[in-house]
Colleague: 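Here it is, the structure, as structure tokens.
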Amino acid sequence: MKSQPQWSNRSVFLLAAVGSAVGLGNIWKFPYIVGENGGGAFILVYLFCIALVGIPVLIAEILIGKTAQANPVSAFENLAGKFKASRFWVIFGFIGIITGFLILSFYSVVAGWALEYLAVFLQNDLAGAAPEQVKNHFADLLKSPSQLLFWHSIFMLLTILIVAKGVNQGIEKVISLAMPALFLILIILVIYASQQAGFSEALAYLFTPDFSLISTETTLIALGHAFFTLSLGMGAMMVYGSYLSKNTAVVRLSLSIALIDTLVALLAGLAIFPLIFTYGLEPSSGPSLLFISLPNALLALPFGQFFGIAFFLLLLIAALSSAISILEPVVRFVEQKTQLTRRISAWLMGIIIWLIGISALLAFNEWAEVKLFGRNIFDSLDFLTTNILLPLGGLGISLFATWVLASKSNILSSLGIGNLAYKIWYWLAAIVAPAVILMIAWNGLFIS
Ligand code: TRP
């Protein structure tokens with residue numbers, strides 16, 4: 001048995017978990033789904049989802065990891081054995097590992113776009129470009145398999161190199177530098193945005209809810225996103241939790257992670273929408289908000305190149321600190337279950353994920369016509385993971401933490417909360433979250 005690594009201290013765990021949570025989901029996806037779903041009202045629903053479902057499941061996931069001190073599969077195996085529960089729970093560990101493969105493969109493709117845009121702004125390639133040219137730049141990138149492959153490969157390479165070095169020498173070191181840089185850049189960008197003419201319009205847009213815009217569909221989108229943004233349901237938080245010492249209390253840490261993640265998403269909105277409004281663009285342009293509308297706004301604003309570099313560096317750091325948390329559970333699983341070293345496991349798993357990623361990037365060009373259930377390969381991967389596998393994993397995690405772990409052992413000190421708070425958590429994680437998750441999965445399968 002290989003030895004179990006430990007975080008050097010609790011703050012490093014907090015930074016790493018925040019690094020996992022804060023990602024493309026916060027900076028790319030959150031602003032555009034807010035834009036597509038009506039602004040303030042959507043944000044309100046999203047905050048409810050974070051509080052009522054996200055946080056209870058996050059606590060459950062970290063708790064299982066910390067108690068088991070092992071990768072997701074072994075965690076379910078060991079705890080189910082110890083508490084004489086059914087072996088069937090192990091399925092949720094396997095689902096997590098498979099989900100990790102699939103998510104990282106397309107996540108890396110999008111992170112590759114961030115790298116490409118960083119290069120473009122560094123070289124000032126788009127200087128003086130007309131809006132139409134900026135639009136074409138993105139379209140051309142998507143049409144070019146070789147360019148997409150190049151940036152996807154670089155991003156996977158960075159991720160593998162960090163994870164291969166291990167928890168203390170790799171992940172911790174990178175996180176300790178990357179996260180402070182991320183916060184600093186984000187604050188600079190919000191200050192810049194607050195100086196633009198569109199700032200008050202953006203504030204009104206983000207914080208004045210129009211309740212007529214809330215529908216079942218927006219609620220389900222908010223829920224799905226709460227899951228994705230907190231990195232729930234595949235064992236990322238579980239593995240990070242497994243590197244905590246057994247006597248760390250998890251509730252306070254979980255609340256901090258959720259709070260910081262939410263703040264970052266809102267700040268990202270505050271950095272992006274003022275520029276969009278100042279330039280008179282539509283907030284509802286969807287996934288291209290960051291890759292067409294934002295560059296267009298930046299090119300028209302003073303110091304646009306500099307702030308463009310800052311924006312895409314921010315996006316890259318956020319994506320990288322999330323990607324390592326998606327690769328880590330997969331690698332830890334292989335490392336613990338086979339004779340392979342961490343280095344070999346990281347390379348082997350990374351290469352398989354890189355290969356799946358190639359099929360995802362071909363969906364934008366050569367294989368655009370290849371459809372699974374009416375979706376191209378990229379959209380299928382996103383749909384299968386975000387709408388089906390993550391909710392399913394989350395369901396298993398919250399049920400296991402409450403019905404098995406909490407009912408058969410005393411976990412109060414592990415959580416570090418009083419009786420009342422415990423009852424609230426238990427009720428939310430055992431009943432409310434599972435019920436709501438079943439609704440998302442139902443929607444994922446039969447409605448969208
Ligand atoms: N939370 C990250 C984001 O918002 C993505 C992410 C990292 C993730 N690890 C995960 C999503 C595990 C689901 C599961 O971009």
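Heads up: numbering here begins at 1 and tracks the sequence. Counting starts at 1 for both ligands and their atoms, in listed order. FYI, side chains are in, hydrogens and waters are out, and symmetry mates aren't considered; it's all heavy atoms of this structure.
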Colleague: Between Arg342 and Glu328, does at least one N-O distance fall below 4.0 Å, as a salt bridge requires?
Modeller: yes
Colleague: Run the contact test for Gly233 against ligand 1 with a 4.0 Å cut-off on heavy atoms, strictly below, and give the result.
Modeller: no
Colleague: Could you tell me which atoms of ligand 1, counted from 1 in the order shown, lie closer than 4.0 angstrom to a heavy atom of Asn26?
Modeller: 4 (O)
Colleague: What part of Phe227, side chain from CB on, backbone N/CA/C/O, both or neither, has a heavy atom under 4.0 Å from ligand 1?
Modeller: neither
Colleague: I'd like to check which ligand 1 atoms, numbered from 1 as shown, lie under 4.0 Å from a non-hydrogen atom of Leu390.
Modeller: 13 (C), 14 (C)
Colleague: Between Thr386 and Phe383, is there a donor-acceptor pair closer than 3.5 Å when you use the side chain of the first and the backbone of the second?
Modeller: no
Colleague: Starting from atom 11 (C) of ligand 1, find the nearest protein heavy-atom neighbour and note its residue, name and distance.
Modeller: Phe228 O, 3.4 Å
Colleague: Return yes if some donor-acceptor pair links the side-chain N/O of Tyr107 with the main-chain N/O of Leu24 below 3.5 Å, else return no.
Modeller: yes
Colleague: Considering only protein heavy atoms, which is closest to atom 6 (C) of ligand 1, and at what distance to one decimal place?
Modeller: Ser231 OG, 3.5 Å
Colleague: Looking only at protein heavy atoms, identify the closest one to atom 15 (O) of ligand 1 and say how far it is in Å.
Modeller: Tyr107 OH, 2.6 Å
Colleague: How about CH2 on Trp403, more than 12 heavy atoms from neighbouring residues, nucleotides or ligands closer than 6.0 Å, or not?
Modeller: no
Colleague: For atom 4 (O) of ligand 1, what is the nearest protein heavy atom, given as residue, atom name and distance?
Modeller: Ala21 O, 3.1 Å
Colleague: Can you list the steps and then say if Asn37 with Thr218 is a side-chain hydrogen bond (donor to acceptor under 3.5 Å, both in side chains)?
Modeller: CA-CA 6 Å; Asn37 294 288; Thr218 55; 5.7 Å; no
Colleague: Which part of Ser325 is near ligand 1, with near meaning a heavy atom under 4.0 Å away: side chain, backbone, both or neither?
Modeller: side chain
Colleague: Between Ile103 and ligand 1, which residue portion shows a heavy-atom distance shorter than 4.0 Å: side chain, backbone, both, or neither?
Modeller: side chain
Colleague: Only heavy atoms of Met234, strictly under 4.0 Å: list the atoms of ligand 1 that pass.
Modeller: 12 (C), 14 (C)
Colleague: Just checking Gln4: does its CD atom have more than 12 heavy atoms from other residues, nucleotides or ligands closer to it than 6.0 angstrom?
Modeller: yes
Colleague: Decide yes or no for Leu390 and Phe228: does some side-chain heavy atom of the first lie under 4.5 Å from some side-chain heavy atom of the second?
Modeller: yes
Colleague: Can you tell which part of Thr385 has a heavy atom less than 4.0 Å from ligand 1: side chain, backbone, both or neither?
Modeller: neither
Colleague: Give yes or no for whether the N/O distance cutoff of 3.5 Å, strictly under, is met between Leu230 and ligand 1.
Modeller: no
Colleague: Which ligand 1 atoms are under 4.0 Å away from a heavy-atom of Ser322?
Modeller: 2 (C), 7 (C)
Colleague: Would you check if Leu148 and Ser144 make a side-chain contact, meaning some heavy-atom pair closer than 4.5 Å?
Modeller: no
Colleague: In the structure I gave you, are the side-chain heavy atoms of Phe311 and Phe121 within less than 4.5 Å of one another anywhere?
Modeller: no
Colleague: Which residue and non-hydrogen atom of the protein lie closest to atom 2 (C) of ligand 1, and at what distance in Å?
Modeller: Ser20 O, 3.3 Å
Colleague: Parallel, tilted or perpendicular: which fits the ring planes of Phe277 and Tyr205, with parallel below 30° and perpendicular above 60°?
Modeller: perpendicular
Colleague: Enumerate the atoms of ligand 1 whose separation from the nearest heavy atom of Leu24 is less than 4.0 angstrom.
Modeller: 15 (O)
